[in-house]
2 protein chains.
Amino acid sequence: MGTIGRPRSQEAHDAILKAALRLVTKRGFRAVGVNEIAAAAGVGKMTLYRHWPNKAALVMDSLLVLIGSETAFPEAGSAIESLRQQIDLQAAFFRSPRGNLIRSLVAEAQSDLELACAFRDRWLNPRREGVREILRAAIAEGSLRRDIDIDTAIDLLYGSLYYRLLLGSDTLDEPFVDHIYQQFLAGHGVLYASDEEIRP
Amino acid sequence: MGTIGRPRSQEAHDAILKAALRLVTKRGFRAVGVNEIAAAAGVGKMTLYRHWPNKAALVMDSLLVLIGSETAFPEAGSAIESLRQQIDLQAAFFRSPRGNLIRSLVAEAQSDLELACAFRDRWLNPRREGVREILRAAIAEGSLRRDIDIDTAIDLLYGSLYYRLLLGSDTLDEPFVDHIYQQFLAGHGVLYASDEEIRP
DNA sequence: CTCCTAACGATACCTTCAGTATCGTTTCTA
DNA sequence: TAGAAACGATACTGAAGGTATCGTTAGGAG
């Protein structure tokens, strides 16, 4: 007893995702209407709403499906070097047009609890978990102090990146990334900080 | 040659500001309608639009006029101690119901260029200027390195606070604030860091 | 091969909400 | 005291997210 009736069109599904990603990335979540997305995908509006419950879920999905792998974690000689490259990657990602998509979703999530949960569970936390592993490896290889609070450390690392993405007039350029990294090492690296006074 | 016609009602002006602040703080920018604000203020909707060009400008004004002074800079024995207290104050402000107002405005600013400029020019930058002065004083008193980039340092300090306000599942509690402060001192304080390697 | 069912595109519609237009009334100033 | 502008009230406009419904189409089950 398989499925009954006409199967859903994968072509329509993909076309909607691609149109949503392209339009929202270029012009922002609020500036793009669902009619426009459906039209750009060459699809009826009802088809869109058969595949996703609302606009926010669609755009969230377009982020995950189409560019979820763009922030893959680099392999480097050492864990601490992987961390450095990961920060660079994240900054480059925010500088790219994809940054507008993240800005849009974070903004929308402030008044959409469901989207907020989805963004945290499906985007933020998986990437934080990747960073956690890098940090654990960096601790294991002796590059970082053993007593750091990993989640708080991640907040420090990525907080300033998101701050500049959402509120900054300045750019997320290389000197800034370098400053973040050096500052992080100063506080958490074994070569820079003493073993007391960070966590009294 | 003074003004002609009936003067504007200061009572109406204040009542609208207070109603907007109260409602948006409690339920968020998007969840509160202009009609509701006007009704709560005991005022016609047109009066509201005679005093402000749009909803965003009104709410931005309510932030500045009614709670613009709540983040006043503390006086402490030393500049570095003032800095510490200022971070505490900012975190407490974000934890309070006022935090919802900031979240709403930052979110709305992502799709409203005019609001984004107003928020930067009238809220963010004045407060950053206050922090700049504290940092300069801390440098002068010998608590911080002389070669730090003050604006980048501010981004690091406040970035993680805004990150937890907008995206965090965790709270902006005292241990987190302490961590931020200690981490900042580790990177920028003269007692913690050596004089090279931060800015190669 | 044929039928049944659900998806399809199209389109009209509903609801909500920010912002506008208008009206008779009120309040201050010249 | 007369005029000009703000006032409260209310009807309206336009845009946008989401729904309802139409006839049509594709494909699996029998």
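Proteins come first, then strands; the chains are lettered A, B, ... in the order of their sequence lines, and each starts at number 1. The model shown is predicted, which means the values in this text are computed figures rather than measured ones.
Pairs passing the side-chain hydrogen bond (donor to acceptor under 3.5 Å, both in side chains) check and including a residue from residues 15-44 of chain A, sequence neighbours excluded, read A/R27-A/E36, A/N35-A/K45.
Residue A/F176 comes nearest to A/T171 through the heavy atom pair CB-O, 4.5 Å, listed as atom of the first residue, atom of the second, then distance.
Atoms CH2 (A/W52) and C1' (C/dA7) sit 14 Å apart, rounded to a whole Å. A/R27 places its CZ atom 14 Å from the C1' atom of D/dA16, with the value rounded to the nearest Å. Per the geometry, NE2 belonging to A/H51 stands 15 Å off P belonging to C/dA6, to the nearest Å. B/L48 places its CG atom 16 Å from the C1' atom of D/dT10, with the value rounded to the nearest Å. In this structure, A/E36 places its CD atom 15 Å from P of D/dG18, rounding to the nearest Å. What separates CD1 of A/I37 from C1' of D/dG18 is a distance of 13 Å, to the nearest Å.
With B/R127 contributing its side chain and B/W123 its backbone, the two residues share a donor-acceptor pair below 3.5 Å. Put simply, the side chain of B/R8 gets close to the backbone of B/R50: a donor and an acceptor are under 3.5 Å apart. A donor-acceptor contact shorter than 3.5 Å links the side chain of B/Q183 to the backbone of A/Q183. Between the B/E141 side chain and the B/A79 main chain, a donor and an acceptor come within less than 3.5 Å of each other.
Taking B/R128 as the reference, B/D151, B/D155 meet the salt bridge (Lys or Arg N to Asp or Glu O under 4.0 Å) condition, with sequence neighbours excluded.
Comparing the end axes of the helix from C/dC1-D/dG30 to C/dA30-D/dT1, each fitted to five base pairs by superposing C1' atoms of four pairs onto the next four, gives an inter-axis angle of 10° (nearest 10 degrees).
Within 6.0 Å of atom CD in B/E75, 12 or fewer heavy atoms from other residues, nucleotides or ligands are found, so the atom counts as exposed in its surroundings.
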Heavy atoms under 4.0 Å is the rule here; annotate nucleotides 11-19 of chain C 5' to 3' with B where the base is hit, S where only the sugar-phosphate is, and - elsewhere. -------SB

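Contacts with DNA chain D (heavy atom under 4.0 Å) in residues 5-20 of chain B: B/G5, B/R6, B/P7, B/R8, B/S9, listed by number. Within residues 103-111 of chain B, no residue approaches DNA chain C, by heavy-atom distance under 4.0 Å.
Counting heavy atoms from C-beta outward, A/L124 and A/Y158 have side chains that stay 4.5 Å or more apart.
Ring geometry for B/H51 against B/H13 counts as tilted: the plane angle lies between 30° and 60°, on a 0 to 90° scale.
Salt bridge status for B/E81 with B/R84: absent, with no side-chain N to carboxylate O gap under 4.0 Å. Taking the charged nitrogens against the carboxylate oxygens, B/E114 and B/R122 have no contact shorter than 4.0 Å, which rules out a salt bridge.
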Determine, stepwise, if the pair B/N54 / B/M60 fulfils side chain to side chain contact (heavy atoms under 4.5 Å, CB included). CA-CA 10 Å; B/N54 52 56; B/M60 184 71 219; over 6 Å; no

